[in-house]
Structures are given as C-alpha cells and as structure tokens.
A.B. asks: 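First the structure, which I've put down as structure tokens, then a few questions once you've had a look.
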Number of protein chains: 4
Amino acid sequence: MSPMCHSSSPRGRAGRPRSAEAGEAILEATRAALVELGWSKLSMGDVATRAGVAKTTLYRRWANKNELVVDAVAVLFDELELPDLGSLQADIEHVVVQFAALLERPETKTALMAVVAESTRDEPLRERIRTSIVERQKRLVLAGRERAQARGELPAGRDEEAVAVTDDLIFDVVAGAVVHRSLVSAEPVDDAWATRLSALLLGGLGAVAEAG
Amino acid sequence: MSPMCHSSSPRGRAGRPRSAEAGEAILEATRAALVELGWSKLSMGDVATRAGVAKTTLYRRWANKNELVVDAVAVLFDELELPDLGSLQADIEHVVVQFAALLERPETKTALMAVVAESTRDEPLRERIRTSIVERQKRLVLAGRERAQARGELPAGRDEEAVAVTDDLIFDVVAGAVVHRSLVSAEPVDDAWATRLSALLLGGLGAVAEAG
Amino acid sequence: MSPMCHSSSPRGRAGRPRSAEAGEAILEATRAALVELGWSKLSMGDVATRAGVAKTTLYRRWANKNELVVDAVAVLFDELELPDLGSLQADIEHVVVQFAALLERPETKTALMAVVAESTRDEPLRERIRTSIVERQKRLVLAGRERAQARGELPAGRDEEAVAVTDDLIFDVVAGAVVHRSLVSAEPVDDAWATRLSALLLGGLGAVAEAG
Amino acid sequence: MSPMCHSSSPRGRAGRPRSAEAGEAILEATRAALVELGWSKLSMGDVATRAGVAKTTLYRRWANKNELVVDAVAVLFDELELPDLGSLQADIEHVVVQFAALLERPETKTALMAVVAESTRDEPLRERIRTSIVERQKRLVLAGRERAQARGELPAGRDEEAVAVTDDLIFDVVAGAVVHRSLVSAEPVDDAWATRLSALLLGGLGAVAEAG
DNA sequence: CGCTAACCGAGACGGTACGTCTCGTCTTACG
DNA sequence: CGTAAGACGAGACGTACCGTCTCGGTTAGCG
C-alpha cells in the first residue's frame with residue numbers, strides 16, 4: 001500500500017522501474033514550494049523543475065496537484081508523538097501544543113485546509129486524506145485513552161462500540177478546535193489555551209462516560 | 001460599513017452611480033456557481049456571465065475571487081439562529097445541528113475551507129473572513145451563555161475577561177468540532193453526535209468554571 | 001473577406017477591437033520562424049514570443065499552425081509578376097525562373113509542401129490554400145495566355161470552357177514541374193531547364209489546340 | 001543495400017539477429033496508421049503498438065518517423081507498371097492514370113508531400129527519398145522512351161547526355177503535373193485530363209527534339 | 001553445451017509543444 | 001463616468017509524443 005499508487009504496474013513488473021529518488025525529490029520539492037509559494041501558487045511545473053524531474057513524471061505518479069500535496073504533507077503528521085507525561089491532562093496539553101506547532105509550519109498551514117476544501121468535490125481525494133492523514137492520527141487518541149485507562153484516570157470501556165464513538169468525538173473536538181483556533185480565529189494556541197481545552201475535555205469526558 | 005467596499009466613490013459622486021441590483025446579482029451568481037462548480041472551478045468570467053455583468057464590474061467591487069466568495073457566503077451564516085429551547089443542552093444541540101446543515105450546503109461546504117486556506121497567505125482576506133463571518137457568529141455563543149446564566153445553568157461570570165476567553169474557547173471547540181466532523185472526518189453530524197458533543201461541553205464547562 | 005477570420009465578431013462590434021499591428025507582427029514572426037526552424041520545428045509558442053504577443057492571441061485568430069502558415073506565406077506568392085517580354089516563350093521562362101526563386105526561399109520551401117500534405121486530411125485547410133494561393137496565381141496563366149493571343153502566338157479560344165480547361169492544365173504542368181524539379185528531384189531550376197520546359201509547353205500547346 | 005540500414009551490426013554479426021517478420025509488420029502497421037490517422041497524427045508509439053513491437057525496435061531500425069514512412073510507402077511505388085499499349089500516347093496515359101490512382105490511396109496521399117516537405121530541412125531524408133522513390137521510378141520514363149524509339153515514334157537519341165536531360169524533364173513534368181493536379185488543385189485526374197496531358201507532352205517532345 | 005552479444009517487450013525518464021483555460025488589465029462604444 | 005463586450009499579455013493546466021534509458025528475458029551462433 002504505497003502512498004503513490006496512481007496507475008501502478010498492471011500485473012507484475014515489466015519495463016524500467018520507477019526511480020525511487022525521484023519520488024522523494026518530488027515530495028521534498030513540493031514541501032519547499034508550499035513554504036515559498038503557498039498552495040494556490042504552487043504549480044506542477046514549478047515542482048517538477050525544483051525536483052529536477054519532468055512534469056510527466058509527476059503526472060505518472062499523482063493524478064493532480066491535490067493528491068501530490070496530500071502525500072507531501074501526510075508524512076509530517078507522523079512526527080506527532082504522545083510521550084507519557086504522567087497524566088491525561090498533561091498528555092492532552094502536549095499533543096495540542098504539538099499539533100498547533102505543526103499547523104504553524106507554513107507548508108502544513110497552507111496545504112491542509114486547501115486539500116480539505118478540494119476534497120469536498122473530489123471523492124478520491126477525500127479518501128486519500130482519510131487514509132493518509134486522518135485515520136493514521138487517530139492512533140494518538142487511542143494511545144492517550146488507553147494510557148489513561150491504565151493509569152485509572154478513565155474507567156475501562158465496557159462497550160467497545162461506545163469507546164470507539166467517544167474516541168472519534170474526542171478526535172474531532174481536539175483536532176477541530178486546534179485547527180479552528182489556529183487557522184480560522186487566527187489566534188495563538190499557547191500553553192494557557194491548551195490547558196483550558198484540556199480541562200474542558202477532562203471535565204466533559206466524565207460527563208460523557210456517565211451519560212454513556 | 002457595506003460588505004463590498006473596494007474603492008468607493010472618492011469624495012462625492014460624479015458620473016454614473018453603481019448599479020444596486022448588480023451587486024446582489026453577482027453574489028447570487030457566485031453562490032450558484034459555487035453550487036454547480038465548487039470553489040476551485042469557479043471563475044470570475046463565469047460569474048460575470050451568469051450575473052449578466054462585465055468582468056470589469058466584478059473587479060471594480062472585489063479585488064479577487066476570494067473576497068467575492070467570502071461576501072457571497074457570509075450572508076448564509078446570518079441565518080443561524082438560537083431559539084430558546086429551555087436548556088443549554090438543547091440550545092447547543094440545536095445550533096450544532098443547524099451549523100452542520102449549513103455546512104452541508106454545497107456552496108458553503110466548498111467555499112468555507114477554501115477561503116480559510118487562502119487566508120493563510122492573504123492577510124486582508126483573513127481580516128475579511130474574521131469580520132464578515134467569524135466575529136459575527138460569536139453572537140451565538142454569547143447569547144447561549146447569557147441565556148444559560150439567566151436560567152441559572154451557569155454561574156454569572158465574575159471576571160469579564162475570563163468569560164470572553166471561555167466564550168472564545170467554546171466557539172472554537174463547537175465550530176471546529178462540527179467542521180472537522182463534517183468536512184475532514186466526513187461523517188454525519190446527526191442528533192446522536194450533537195447530543196454527545198453537547199454533553200461533553202456541558203460537563204467540561206463546569207470543570208473549566210471551577211478551574212477558571 | 002479578411003484572411004484571418006477565425007470566429008470573428010458575432011453580429012456587430014463590441015469590446016476592444018483586434019490589434020491590427022499584432023496580426024502583421026505575427027505573420028512576420030511566422031515567416032522568420034519558418035526561415036530559422038522550418039515548418040516542423042515551428043511552434044505556436046515560439047511565434048507568439050517572437051511577435052511579442054500571447055499565445056492566446058494566435059489561437060484567437062487562427063485555428064492552428066497550418067492556417068497561420070498558409071496566411072503567412074500566401075502573400076509571398078503575390079509578388080510573382082508577368083512582365084511583357086515580347087514572346088510567350090520568354091514570358092513562360094521568366095515566370096518559371098521567378099517561381100523557382102520563390103520556392104528556393106526557405107520559408108516557402110519548407111512551408112508549401114507541408115501545408116499541402118496536411119491539407120490532404122483537413123478540408124478547411126485545403127480550401128484556404130485554394131483561395132489564398134492556388135486560385136490567386138492562376139491569374140498568371142490567364143494573363144500569359146491572353147497576351148499571347150493578342151500577339152497572335154495563340155489562336156483566339158472559341159470555346160470558353162476548353163480555354164479554361166487548358167489554362168488549368170498549363171497551370172498544373174508548370175507549377176507541378178517546377179515544384180517537383182525543385183523540391184522532389186532537388187535539382188536546380190536554371191535558365192536552361194526553364195528554356196526546355198518552355199519549349200515543351202509551346203510545342204505541346206499547338207498539338208493540344210489542334211486536338212482540342 | 002537493404003532499405004532499413006540504421007546502424008546495422010558493427011563489423012560481423014554476433015548475438016541474436018533482427019526479427020525478419022518484425023520489419024514487415026512495422027511497415028504494414030505504418031501504412032495502416034497512415035490510412036487511419038494521416039501523417040501528422042501518426043506516432044511511433046502507435047505504430048509500435050499496432051505492430052506488436054516495442055518502440056525500441058523501431059528506433060533500432062529507423063532514425064525517425066520520416067525515414068520509416070518513406071520505407072513504408074516506397075514499396076507502393078514499385079507497383080507502377082508500363083505495359084506496352086502500342087503507342088507512346090497510350091503508354092503515357094496509362095501511367096498517368098495509374099500514378100494518380102496511387103496518389104489517391106490515403107497512405108500515399110498523406111505521406112508523400114509530408115516527407116518531401118520534411119526533406120527540405122533534412123538532407124539524409126532527401127537522399128532516402130531520392131534513392132527509394134524518385135530514382136527508382138525514372139525507370140518508367142526510360143522504358144517508355146526506349147519503347148517509343150523502338151516503335152519509331154521518337155528519333156534515336158544521338159547525344160546520351162541530352163537524352164538523359166530530356167528524360168528528367170519528362171519525369172518532372174509528368175510526376176509534377178499529376179501531383180499538383182491531384183493534391184494541390186485537388187481536382188480529379190481522369191482519362192480526359194490524362195489524354196490532354198499526353199497530347200501536350202507528345203506535341204512538346206517533337207519541339208524539344210528539334211530544338212535539342 | 002554453455003557463453004555471450006545483440007535482440008526483444010515493456011515502460012519510466014527528461015523534454016517540448018500542444019491547445020485550453022483563467023487571470024487581471026486595457027480599450028472600445030454606448031448611455 | 002459606469003457599463004457590457006471582448007481583446008490583450010501572462011502563464012498554468014493536463015495530454016501527447018518524442019527519442020533515450022533501463023529493466024528482465026529471449027535467441028541465435030561461436031567456441
């Protein structure tokens with residue numbers, strides 16, 4: 001399940017194989033172009049030139065600019081980590097600040113909303129975003145919740161379904177709130193804000209669990 | 001403070017005045033084009049044609065496509081209302097569902113994230129989004145909170161600053177969660193989800209207030 | 001019946017009129033590009049650049065490279081003249097040499113056969129060649145024949161139809177022979193060859209007239 | 001002197017020899033593609049696919065599209081014959097009609113002028129055309145003239161040089177006239193026209209012989 | 001009988017040009 | 001002066017071929 005799978009080999013492999021370095025050079029060039037130009041002024045030709053590659057090579061691997069950009073930024077989200085800071089509150093605060101820092105990076109800031117916007121009219125793109133970014137990062141919620149349960153901060157989830165539903169809710173709330181604060185409200189996600197958001201979640205989680 | 005203020009009349013008025021109907025026809029045409037084509041395939045020329053107007057007229061009133069789109073969709077957000085449903089929980093649920101319905105409309109769905117994305121590289125646009133959309137809709141949080149205080153569901157805010165900070169937090173959390181659920185996770189914002197989100201917030205609000 | 005008529009004004013005139021100088025600059029640039037690059041390496045983008053014009057401007061006026069090239073070279077054929085040299089033999093020799101000289105010019109040499117080749121698959125192009133080049137130059141045959149009749153070198157044509165048919169034959173023979181000698185056989189059309197061809201025609205004309 | 005001689009074996013032969021059937025399949029595929037697409041839309045990749053052959057195989061044998069096309073159509077010209085019809089006039093008429101029929105075939109029609117056009121800028125191509133097509137078909141003039149001399153319709157040529165010069169003239173006139181009538185004037189080469197052309201030539205030949 | 005050199009198919013590669021589209025500006029004539 | 005119409009310079013789009021290259025795999029003939 002390679003990230004770049006636009007019309008791969010039909011059955012086995014015949015002919016010259018795709019250059020491995022080209023792929024990485026392109027993604028790197030894409031990120032550089034995002035930083036310099038932003039999403040809307042990024043052009044395929046420019047990326048190709050930066051990567052020292054022909055435009056055709058880009059189109060051979062990605063159907064369009066959006067798919068390319070998703071692949072280029074998806075890897076950045078994998079840098080997010082959830083070290084054990086001893087309490088759920090601390091863990092949440094940490095990931096919130098980390099995520100906000102990621103969103104402050106110019107390549108992420110300009111690209112994320114743009115591809116989400118495009119995905120509202122492009123089902124394959126939406127799917128690629130889901131698999132490359134969204135679903136991958138739910139691991140953070142999962143890990144945080146399980147660690148909190150291990151610590152006894154949260155009750156063990158009896159109903160598996162209910163646990164997953166709550167995980168999803170938390171994910172949308174945390175990710176959504178950080179994105180909205182950062183990109184829409186355009187106000188800083190500092191430690192104080194992260195603390196307030198964590199407090200809100202912790203308090204709310206109890207209520208949701210009771211209501212369950 | 002008209003929403004379209006790109007170089008008004010210099011000092012008094014001379015020559016032929018601007019057609020009043022043209023402005024509304026353009027915004028209407030813009031919304032229609034958003035529905036049919038989505039943001040990225042919407043073009044100024046097409047909007048002009050639909051509105052029966054020359055391209056020049058568009059550029060005389062809006063600096064570019066993004067400013068035009070913001071004005072075209074901003075008005076839709078004013079339709080959001082907060083009827084008194086008797087409890088804070090019900091009020092929140094109602095506005096969440098209403099907001100989700102708004103985001104499901106094709107013109108809003110395709111446009112909102114797009115202009116936010118563009119605004120990360122365009123300060124005037126960001127400002128226009130803030131004044132035309134974001135700040136205007138904070139009224140909903142304000143109204144909901146005051147009504148809840150009146151009902152006694154929430155304590156009266158002693159510190160005005162702290163109240164505003166919490167209002168902002170709630171706004172980012174609610175708006176962000178709904179947007180993320182709807183556009184990024186691409187899963188439905190139904191009554192059940194709205195109920196869970198409301199429960200989370202109500203529970204959290206208590207905690208935040210205590211911590212405050 | 002302007003030579004450049006690719007989708008001109010729908011009914012009357014509205015909007016900015018087409019730049020007159022642009023048209024001439026484009027044709028001039030086309031001829032220059034033909035000289036330097038030849039037909040097959042001539043590109044629309046290059047012509048546009050040479051003419052200091054946008055590619056769109058070319059496509060607004062000509063449907064494709066072939067139509068442009070026909071217009072660019074057609075005017076060169078109008079330079080052919082038929083001065084009265086006192087005898088039909090001399091007149092023929094002169095026009096043969098003149099035509100050969102025209103075919104030796106690099107822009108004509110490379111372009112003429114190319115557009116004729118393309119015209120075998122492109123009816124509008126064939127028509128444009130006929131009206132812009134072929135039919136226009138039949139004037140030379142007409143003038144030569146009438147002058148010879150006036151001199152008494154040829155009998156006055158009784159049957160108008162037969163005269164036209166013979167004119168066409170002569171045109172195809174002269175033009176075809178020169179083109180074939182010059183471009184296919186790739187041998188020089190010098191005075192000696194022109195003399196031989198003229199002699200052949202003069203001798204043949206008598207026979208055709210008798211047979212006629 | 002094989003027709004396909006693009007960088008044969010260096011000194012002797014080693015390794016696998018070239019597939020004989022591939023060569024014919026490629027020429028056949030080229031003709032088919034010419035019929036369907038015409039010269040300008042014929043592509044090497046398409047020919048390769050039609051022939052069930054790799055593009056590499058084409059380039060191993062022909063330097064480029066034009067050389068390939070010349071070889072593909074050259075063989076068609078060998079079908080021209082000059083049966084003895086009893087008189088020079090009849091022989092000429094016959095070959096004229098035959099040649100016109102050949103030029104009416106879509107593969108010939110589209111290819112011949114195209115490669116001639118290209119040859120004005122490509123000396124090796126011009127040479128290939130001369131040896132593969134032009135010089136080969138002069139045999140028809142030669143045979144016709146000798147047969148006419150044998151019949152006593154034409155005087156025996158005293159001066160060998162003069163005879164060759166006249167042969168060339170006749171070749172250019174006949175071939176040129178037919179091509180021009182057929183492809184440039186785009187009018188039919190029917191029996192009547194062939195008769196007129198033959199009459200012109202026969203009459204002219206006498207004059208040229210006397211003048212010669 | 002196994003080497004080995006040249007062949008073969010497939011298809012990716014860096015390029016170039018295509019013809020279309022949209023941008024935002026400019027130039028008309030009309031009201 | 002505002003307007004509708006539409007041409008303009010600029011430049012990106014995504015596609016199609018070009019001619020070259022790199023693969024893995026035949027297929028001869030020579031040793």
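Quick note on labels: first sequence line is chain A, next is B, and so on, each numbered from 1. Only heavy atoms go into these numbers, but all of them, side chains included; no hydrogens, no water, no symmetry mates.
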A.B. asks: Any donor-acceptor pair under 3.5 Å joining the side chain of A:Lys55 to the base of F:dG14?
C.D. replies: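 Checked by distance alone, the answer is yes.
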A.B. asks: By nearest nucleotide on DNA chain F, pick out whichever of C:Thr57 and D:Lys65 is the more 5' one.
C.D. replies: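 The answer here is C:Thr57.
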A.B. asks: Nearest-Å distance, CG (D:Asp122) to C1' (F:dC18)?
C.D. replies: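 One finds 15 Å between C1' of F:dC18 and CG of D:Asp122, rounded.
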A.B. asks: Rounding to a whole Å, what distance do you find between B:Leu68:CG and E:dG24:P?
C.D. replies: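 It is 11 Å, rounded to the nearest whole Å.
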A.B. asks: Any salt bridge between A:Arg126 and A:Asp122, counting N to O under 4.0 Å?
C.D. replies: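 A:Asp122 and A:Arg126: not salt-bridged.
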A.B. asks: Nearest whole Å is fine: how far is E:dG24 P from B:Trp62 CH2?
C.D. replies: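 Taking CH2 of B:Trp62 and P of E:dG24, I get 14 Å after rounding.
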A.B. asks: Between C1' on F:dA16 and NZ on D:Lys41, what's the gap in Å once rounded to a whole number?
C.D. replies: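 Nearest whole value for this atom pair: 12 Å.
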A.B. asks: What is the distance, rounded to the nearest whole Å, between atom CH2 of C:Trp39 and atom P of E:dC18?
C.D. replies: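 Between P of E:dC18 and CH2 of C:Trp39: 10 Å.
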A.B. asks: Verify the contact: side-chain N or O of A:Arg60 to OP1 or OP2 of E:dC13, cut-off strictly under 4.0 Å; return yes or no.
C.D. replies: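 For A:Arg60, the contact criterion (side-chain N or O under 4.0 Å from OP1 or OP2 of E:dC13) is met.
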A.B. asks: Take atom CD of A:Glu21 and atom P of F:dT22, then tell me their distance rounded to the nearest Å.
C.D. replies: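 So the CD-P distance, A:Glu21 to F:dT22, works out to 12 Å.
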A.B. asks: Minimum heavy-atom separation for A:Met44 to A:Leu58, with atom names?
C.D. replies: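 Of all heavy-atom pairs spanning A:Met44 and A:Leu58, the closest is O-CD2, 3.6 Å.
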A.B. asks: If you check the C:Tyr59 side chain, which of E:dT20, E:dG14, F:dG9 turns out closest?
C.D. replies: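 Output: E:dT20.
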A.B. asks: Any side-chain to backbone donor/acceptor pair from A:Lys109 onto B:Arg121? Under 3.5 Å, distance only.
C.D. replies: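 No; judged by distance alone, with no hydrogens or angles, the pair does not exist.
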A.B. asks: Rounded to whole angstroms, how far apart are CG on D:Asp46 and P on F:dC17?
C.D. replies: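 Going from D:Asp46 (CG) to F:dC17 (P), I get 7 Å.
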A.B. asks: If the cut-off is 4.0 Å, is D:Arg18 near the phosphate of E:dC7, judged by side-chain N/O to OP1 or OP2?
C.D. replies: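 The answer is yes; a side-chain N or O of D:Arg18 sits under 4.0 Å from OP1 or OP2.
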A.B. asks: Report the distance from atom CZ of D:Arg50 to atom P of E:dG9, rounded to the nearest whole Å.
C.D. replies: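 The answer, rounded to whole Å, is 17 Å.
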A.B. asks: Please determine whether a side-chain nitrogen of the Lys or Arg among B:Glu24 and B:Arg61 lies less than 4.0 Å from a carboxylate oxygen of the Asp or Glu.
C.D. replies: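 Looking at B:Glu24 and B:Arg61, the cut-off is not met.
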A.B. asks: Between B:Ser43 and C:Gly45, which has a closest nucleotide on DNA chain E that is more 5'?
C.D. replies: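 The residue closer to the strand's 5' end, by nearest nucleotide, is C:Gly45.
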A.B. asks: Salt bridge (Lys or Arg N to Asp or Glu O under 4.0 Å), that's the test. Do A:Glu67 and A:Arg128 meet it? Break it down for me.
C.D. replies: CA-CA 7 Å; A:Glu67 309 250 331; A:Arg128 186 177 279 249; 2.6 Å; yes
A.B. asks: Of all the choices, F:dG19, E:dT28, F:dC13, which nucleotide is nearest to the side chain of A:Met44 once you look at every atom?
C.D. replies: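 The answer is F:dC13, which lies nearest to the side chain.
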A.B. asks: Please state whether the phosphate of F:dT3, meaning OP1 or OP2, lies under 4.0 angstrom from any side-chain nitrogen or oxygen of B:Arg61.
C.D. replies: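 It does, given that an N or O in the side chain of B:Arg61 lies less than 4.0 Å from OP1 or OP2 of F:dT3.
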A.B. asks: Quick one: the side chain of A:Arg16 and the base of F:dC21, do they pair up donor-acceptor inside 3.5 Å?
C.D. replies: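 Answer yes: a donor N or O sits under 3.5 Å from an acceptor.
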A.B. asks: Does C:Thr56 have a side-chain nitrogen or oxygen under 4.0 Å from the phosphate oxygens OP1 or OP2 of F:dG9?
C.D. replies: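 So the side-chain polar atoms of C:Thr56 never come under 4.0 Å of the phosphate oxygens OP1 or OP2 of F:dG9.
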A.B. asks: Report the nucleotide, chosen from F:dT3, E:dC23, F:dC8, that has the shortest atom-to-atom distance to any side-chain atom of C:Ser19.
C.D. replies: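 Nucleotide nearest to C:Ser19's side chain: F:dC8.
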A.B. asks: Between D:Ala51 and A:Pro17, just flag the one whose closest nucleotide in DNA chain E comes earlier from the 5' side.
C.D. replies: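 Result: D:Ala51.
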